[in-house]
Amino acid sequence: MKDLHPNYYKQFSCLGSECIETCCQGWKIDVDQSCHQKYEELRRKFDDNKIDKFIRKNSSPTSRKFSFIEMKKNGFCPFLDESKLCSIQKKFGEDYLPDTCKTFPRRTIDFNEIQIKTLSLACPEAARLCLTKKNAMDMKIENNNENSFLKIVPSYLHNSFTIVGEKLFNKIYFLLKDKDIDLRSLLIVYESIINEQKNLERNPEKIDSVFDLIVKNSNNLNSLNYKNSEIKLNFLSDIYNFIQNTNPNCSLYDILSKAHDELVKKNSEPEKAIINFKKIEKKFLLSFEKENNTILRNYFLNEILGHAQVFTNEVPNCRNRFYLTILCSIISKLITIGITSEKSKDLDSQILINAIQKVAKNFGAFVLVDSNYEYEFHPEIYSALRRIDKKSIFNSLFLLFS
């Protein structure tokens with residue numbers, strides 16, 4: 001079995017009770033049927049009233065989502081002890097944990113022959129390791145360093161679509177590793193090449209020429225100026241109102257509300273809000289993003305690798321993994337601009353890192369899961385994006401990111 005992972009992956013070690021927040025705070029933790037049966041045994045054996053009180057059976061249980069752990073009103077898991085560690089794991093071991101608790105923050109695309117491993121940036125320590133170190137996303141393949149081609153598709157899944165997809169993934173991944181490529185150009189290239197994948201499946205010999213042409217054209221599109229400050233502020237209000245109405249107790253709400261108050265509520269006149277936003281954003285784009293290029297670049301590298309199946313899976317909605325990556329980066333940038341404006345000081349890289357971590361931890365608020373376990377945007381988020389561009393979710397996201 002080949003193990004493909006970025007450099008920072010093996011450096012990770014859980015901080016335990018020293019971590020600034022708990023893994024599952026604010027989440028709904030699904031419990032599979034096998035794990036639920038173990039909890040039933042514990043309840044009978046130890047007469048544990050917490051299991052009766054906080055393990056809730058789903059209304060339409062499945063083997064993967066048979067029940068769930070109901071969090072306390074403050075968003076914390078009821079099974080945490082005084083040191084913020086899991087009392088179930090302490091007493092009975094890891095085998096009694098739901099899958100999410102066993103694996104977080106580790107993410108694995110398991111192909112049997114190949115395992116692609118990354119960490120979820122919802123974990124503060126994972127975010128620190130990934131986003132602050134320049135070589136964090138250098139790849140490790142078993143005991144070897146990164147080479148010129150990353151095999152992400154096992155031999156038993158080879159067909160015309162996956163073979164082309166693997167080549168396109170490599171071109172996108174190594175293009176992003178090139179620090180001279182602007183992130184906006186990268187997004188255009190990614191979307192364009194995915195749109196061409198079916199054509200390239202029929203004409204694989206054209207991959208290099210088509211890719212080079214798309215990269216060249218993306219530079220021309222990227223040079224265009226977009227008047228999008230008002231669009232961004234309206235979208236920030238949409239996201240703020242959505243979280244306020246659906247999950248005001250989540251860890252994202254506090255920093256999101258601060259950003260919204262500073263950029264929107266504080267200015268009674270919309271024109272003043274736009275002027276203030278442009279001023280702070282100009283500083284963000286011209287100085288901060290250049291000086292801290294590693295943060296967003298490593299973020300996209302980590303998420304593109306962690307969702308590599310976008311290039312190899314023809315299941316509907318799989319592409320939404322890419323769109324969700326862009327959405328989370330947009331919200332993180334808006335929060336960073338808002339908090340910087342509130343503090344009236346120079347941009348601090350830690351503000352952006354914290355924002356990415358909080359948004360990553362609460363991305364589930366923005367999506368629903370379909371029957372193929374793929375993401376589709378929550379109807380209210382979808383409507384907010386459609387108000388920007390009725391025909392294209394990508395165009396909406398690109399305008400917000402630019």
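Computed from a prediction, not measured in an experiment: that's the story for all the values here.
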Checklist line | Residue pair Thr118 / Pro6, side-chain heavy-atom distance below 4.5 Å | finding: yes
Margin query: Taking the side chain as everything from C-beta on, heavy atoms only, tell me whether Ile255 gets closer than 4.5 Å to Ile339.
Written below: yes
Notebook entry, point to check: Any chance CD of Glu18 has more than 12 other-residue heavy atoms, nucleotides or ligands included, within less than 6.0 Å?
Noted result: no
Check: Any side-chain heavy-atom pair from Leu305 and Phe169 closer than 4.5 angstrom?
Finding: yes
Notebook entry, point to check: Which heavy atom in Arg321 sits nearest to a heavy atom in Tyr373, and how many Å separate them?
Noted result: NH2-O, 4.0 Å
Checklist line | Main-chain N/O of Val215 paired to Ser218 side chain as donor or acceptor, under 3.5 Å | finding: yes
Notebook entry, point to check: side chain to side chain donor-acceptor pair (under 3.5 Å) between Tyr8 and Asn298: does it pass, once the steps are laid out?
Noted result: CA-CA 11 Å; Tyr8 81 95; Asn298 279 9; over 6 Å; no
Notebook entry, point to check: Quick one: does Asn228's side chain have a donor or acceptor within less than 3.5 Å of a partner on Ser402's backbone?
Noted result: yes
Next item on the list: Measure the shortest side-chain to side-chain distance between Ile353 and Arg128 over non-hydrogen atoms and say whether it is less than 4.5 angstrom.
Entry: no
Item checked: Stepwise side chain to side chain donor-acceptor pair (under 3.5 Å) test for Ser120 and Arg107 -> CA-CA 7 Å; Ser120 167; Arg107 302 185 303 190; 5.2 Å; no
Next item on the list: Hey, could you give me each pair passing ring pair (Phe, Tyr, Trp, His ring centres under 6.0 Å) that has a residue in residues 176-208? Not counting sequence neighbours.
Entry: Tyr190-Phe311, Tyr190-Phe322
Margin query: Between Leu296 and Lys333, is there a side-chain heavy-atom distance shorter than 4.5 Å?
Written below: yes
Notebook entry, point to check: Does atom NZ of Lys134 have more than 12 heavy-atom neighbours, drawn from other residues, nucleotides or ligands, at distances under 6.0 Å?
Noted result: no
Item checked: pair Phe211-Glu196: side-chain heavy atoms closer than 4.5 Å -> no
Check: Could you state the interatomic distance from CG (Leu121) to OG (Ser332), rounded to the nearest 0.5 Å?
Finding: 9.5 Å
Check: Which atom pair, heavy atoms only, marks the closest approach of Ser396 to Asp389?
Finding: OG-N, 3.1 Å
Note to self: Is there a ring pair (Phe, Tyr, Trp, His ring centres under 6.0 Å) between Tyr375 and Phe363? Walk through the geometry before answering.
What the structure shows: CA-CA 11 Å; Tyr375 302 128; Phe363 83 88; 5.5 Å; yes
Notebook entry, point to check: Counting N and O atoms only, with roles assigned by atom type, does the side chain of Asn320 sit under 3.5 Å from a partner on the main chain of Tyr323, one being a donor and the other an acceptor?
Noted result: no
Check: Closest heavy-atom contact between Leu80 and Cys86?
Finding: CD2-N, 4.1 Å
Next item on the list: Could you check Val153 against Ile163 for side chain to side chain contact (heavy atoms under 4.5 Å, CB included), going step by step and ending with a plain yes or no?
Entry: CA-CA 8 Å; Val153 180; Ile163 290 172; over 6 Å; no
Margin query: Is it the case that over 12 heavy atoms from other parts of the model lie below 6.0 angstrom from the CD atom of Glu230?
Written below: no
Margin query: Rounded to the nearest 0.5 Å, what separates atom CD1 in Ile239 from atom CG in Leu334?
Written below: 9.0 Å
Checklist line | Minimal non-hydrogen separation, Arg297 against Asn293, with atom names | finding: NE-OD1, 2.7 Å
Note to self: Closer than 3.5 angstrom, by distance alone: can the side chain of Thr162 be matched with the main-chain N or O of Leu157 as a donor-acceptor pair?
What the structure shows: yes
Margin query: Would you compute the distance between atom CG of Leu183 and atom CG of Leu186 and round it to the nearest 0.5 angstrom?
Written below: 6.0 Å
Margin query: Please check: side-chain N/O of Asp370 versus main-chain N/O of Glu374, any donor-acceptor pairing under 3.5 Å?
Written below: yes
Note to self: Whether the Asn170 and Glu166 side chains hold a donor-acceptor pair (N or O, under 3.5 Å, no angle test) is what I'd like checked.
What the structure shows: no
Item checked: Nearest non-hydrogen partners of Leu119 and Asn302, listed with the distance -> O-ND2, 3.1 Å
Note to self: Let's go through Lys38 and Phe92 carefully: what are the C-alpha distance in whole Å and the side-chain angles of both, what is the deciding distance for side chain to side chain contact (heavy atoms under 4.5 Å, CB included) to 0.1 Å, and is it a yes or a no?
What the structure shows: CA-CA 10 Å; Lys38 291 178 181 178; Phe92 307 107; over 6 Å; no
Margin query: Quick one: does any side-chain atom of Asn354 pair with a main-chain N or O of Gln350 as donor and acceptor, under 3.5 Å?
Written below: yes
Check: By ring pair (Phe, Tyr, Trp, His ring centres under 6.0 Å), which residues pair with Phe66, not counting sequence neighbours?
Finding: His36
Note to self: Minimum heavy-atom separation for Ala136 and Cys130, please, with both atom names.
What the structure shows: CB-O, 3.4 Å
Margin query: Distance check, rounded to the nearest 0.5 Å: Ile337 atom CD1 versus Glu262 atom CD?
Written below: 12.0 Å
Check: Are any side-chain N or O atoms of Asp32 and backbone N or O atoms of Ser34, one a donor and one an acceptor, separated by less than 3.5 Å?
Finding: yes
Note to self: Would Arg319 and Phe394 count as a cation-pi pair here, with the cationic atom under 6.0 angstrom from the ring centre and within 45° of the axis?
What the structure shows: no
Checklist line | Minimum side-chain heavy-atom gap Ile295-Ser349 below 4.5 Å | finding: yes
Margin query: One pair to check against side chain to side chain contact (heavy atoms under 4.5 Å, CB included): Ile172 and Val189. What are the steps and the verdict?
Written below: CA-CA 8 Å; Ile172 288 290; Val189 174; 3.7 Å; yes
Margin query: Between Lys258 and Asp254, does the salt bridge (Lys or Arg N to Asp or Glu O under 4.0 Å) criterion hold? Intermediate values first, please.
Written below: CA-CA 6 Å; Lys258 286 179 180 178; Asp254 182 49; 3.7 Å; yes
Note to self: Walk me through whether Lys232 and Glu281 qualify under salt bridge (Lys or Arg N to Asp or Glu O under 4.0 Å).
What the structure shows: CA-CA 11 Å; Lys232 291 179 180 180; Glu281 186 181 40; 2.3 Å; yes
Notebook entry, point to check: Tell me, do Ile207 and Lys171 make a side-chain contact under 4.5 Å, heavy atoms counted?
Noted result: yes
Margin query: So, taking the atom named CG in Asn58 and the one named CZ in Arg64, what distance separates them when rounded to the nearest 0.5 Å?
Written below: 13.0 Å
Check: With Arg387, which residues qualify under salt bridge (charged side-chain N to carboxylate O under 4.0 Å, His left out), at least two apart?
Finding: Asp238
Notebook entry, point to check: Measuring from Lys117:NZ to Asp110:CG, what's the distance to the nearest 0.5 Å?
Noted result: 8.5 Å
Next item on the list: Please step through side chain to side chain contact (heavy atoms under 4.5 Å, CB included) for the pair Ile331 and Phe366, ending with a clear verdict.
Entry: CA-CA 11 Å; Ile331 297 171; Phe366 309 125; 3.6 Å; yes
